[in-house]
Amino acid sequence: MKELSLNILDIAENSVKAGATLTEITVEEADSRLVLTIKDDGCGMTEEILKSVTDPFYTTRTTRKVGMGIPLLKLAAEQTGGSLQIDSRCEKDYPENHGTALRAEFNKNHIDMTPLGDVISSVSTLIQGHPDTDFLFKHTFGDKTVLLDTRELKAVLGDVPLNSYEVIKWIEEYLKEQYSL
Amino acid sequence: MKSLAELQAIKDKMKDKVILREGVNDIRIVVGMATCGIAAGARPVLNTLVEEVNKEGLSDKVTVSQTGCIGLCQLEPIVEVFEAGKDKVTYVKMTSEKAKRVVEEHLKGGKVVNEYTVAGHKE
């Protein structure tokens, strides 16, 4: 992956496939650290599956949807001296409080740091493909915070789908403006 | 300054359109957005398709959507075109430039761009 934003898009797709109603994506940059978290309220994973998701050669039908995505992000984090951690609660064991939370930490100053890239495009692509689920995107750096919550947009839009062309363009402009302020 | 009030205006503008649109989208164009597709460059291909379909005024006729791994990872980015009563067309190794041509010639003009299809592409 040439940009971390592509990893974000890829991993968030897993959350959607896990049946998440809300996927929270946060990027926190402070000093030399970049911390990415992707948290969902999807079906979660059993401990057994969780142990094997970072192994690119672990392939069974049940985990086919995971594949290379997590190993690639783990590699991107570890090659900067960072780390990747995943916690998950399987729906079967936690019927009320299930989901998956991923946290990846990067050393931004490392020579092998993958650039964050075009996060706006990743967020708008996620919304374009999955207008019925909700996304919360939050990026903090310096004293700035860029924020988008599709639940707020839906409250205004009612039955107008989030992936209408006009709405997607508005979302892109809305984020662009927050980055440029 | 972008505000939520602008979304309200978009909603009001689209109200009539939504009713009009129902059931008329007879072409579905699908982009593979699994790890293999994303790594190969599916994101700009998808965004170009969304952009061009709107620009050419085809949004009443064409729906652009996303799917997972199609099973031909080495040929990603892959774009499939489903049209009622016609065979599925699979375009491989797509780029934004190729996507523009597919919108222009296939979706708008009705003529399949054979050299980009899985059968017609050259290594």
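All chains are named by letter (A, B, ...) in the order of the sequence lines, taking the proteins before the strands, and each is independently numbered beginning at 1.
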| field | A:Y174 and B:E6: CA distance, side-chain angles, deciding distance, side chain to side chain donor-acceptor pair (under 3.5 Å) verdict | value | CA-CA 10 Å; A:Y174 182 66; B:E6 282 178 351; over 6 Å; no
| said: If you compare all heavy atoms of B:T90 against all heavy atoms of B:K88, which two are closest, and at what distance to 0.1 Å? | reply: OG1-CE, 3.5 Å
| note | If one checks every heavy atom of B:L46 against chain A at 4.5 Å, the contacting part turns out to be side chain
| note | Exactly one candidate in A:E172, A:E166, A:E173 meets side chain to side chain contact (heavy atoms under 4.5 Å, CB included) with A:K169; the answer is A:E172
| task | Could you look at A:N163 and say if it's the side chain, the backbone, both or neither that has a heavy atom under 4.5 Å from chain B? | result | neither
| message | For the interface with chain A, which of B:M33, B:Q8, B:E51, B:R43 has the highest count of heavy-atom pairs at distances below 4.5 Å? | response | B:R43
| query | Picking from B:C69, B:G41, B:A39, B:C36, which has the most non-hydrogen pairs under 4.5 angstrom with chain A? | reply | B:A39
| Any idea which of A:I11, A:V167, A:L153 has the most non-hydrogen atom pairs under 4.5 angstrom with chain B? | A:L153
| field | Choice from B:S3, B:G37, B:P44 maximising heavy atom contacts with chain A below 4.5 Å | value | B:S3
| task | Would you sort out whether A:D112 and A:T80 count as a side chain to side chain donor-acceptor pair (under 3.5 Å), showing the intermediate values? | result | CA-CA 6 Å; A:D112 290 324; A:T80 71; over 6 Å; no
Show every donor-acceptor pair shorter than 3.5 Å between a side-chain atom in residues 142-149 of chain A and any protein atom, with sequence neighbours excluded, or say none if there are none.
residue, atom, partner, partner atom, Å
A:K144, NZ, A:Y179, O, 2.9
A:K144, NZ, A:L181, O, 2.9
A:D149, OD1, A:R151, N, 2.9
A:D149, OD1, A:R151, NE, 3.1
A:D149, OD2, A:R151, NE, 3.4
A:D149, OD2, A:R151, NH2, 3.0

| query | Are any of the side-chain nitrogens in B:K61 or B:D26 under 4.0 Å away from the carboxylate oxygens of its partner? | reply | no
| query | Shortest non-hydrogen contact from A:A77 to A:A104? | reply | CB-CB, 4.5 Å
| query | Where on B:I10 is there a heavy atom nearer than 4.5 Å to chain A: the side chain, the backbone, both, or neither? | reply | side chain
| query | Any sub-3.5 Å donor-acceptor pair from B:Q66's side-chain atoms to A:T125's backbone N or O? | reply | yes
| field | Under 4.5 Å from a heavy atom of chain B, the part of A:L72 involved | value | side chain
| Toward chain B, the part of A:Q178 with a non-hydrogen atom under 4.5 Å | neither
| Atom group of A:S5 that falls short of 4.5 Å from chain B, counting heavy atoms | both
| said: So for B:A34, is it side chain, backbone, both, or neither that comes closer than 4.5 Å to the heavy atoms of chain A? | reply: backbone
| Considering all heavy atoms, the nearest A:F137-A:V27 contact | CE1-CG2, 4.5 Å
| remark: In terms of heavy-atom pairs under 4.5 Å with chain B, the winner among A:I168, A:L6, A:N7 is A:L6
| task | Check whether B:V31 gets within reach of chain A through its side chain, its backbone, both or neither, counting any heavy atom under 4.5 Å. | result | neither
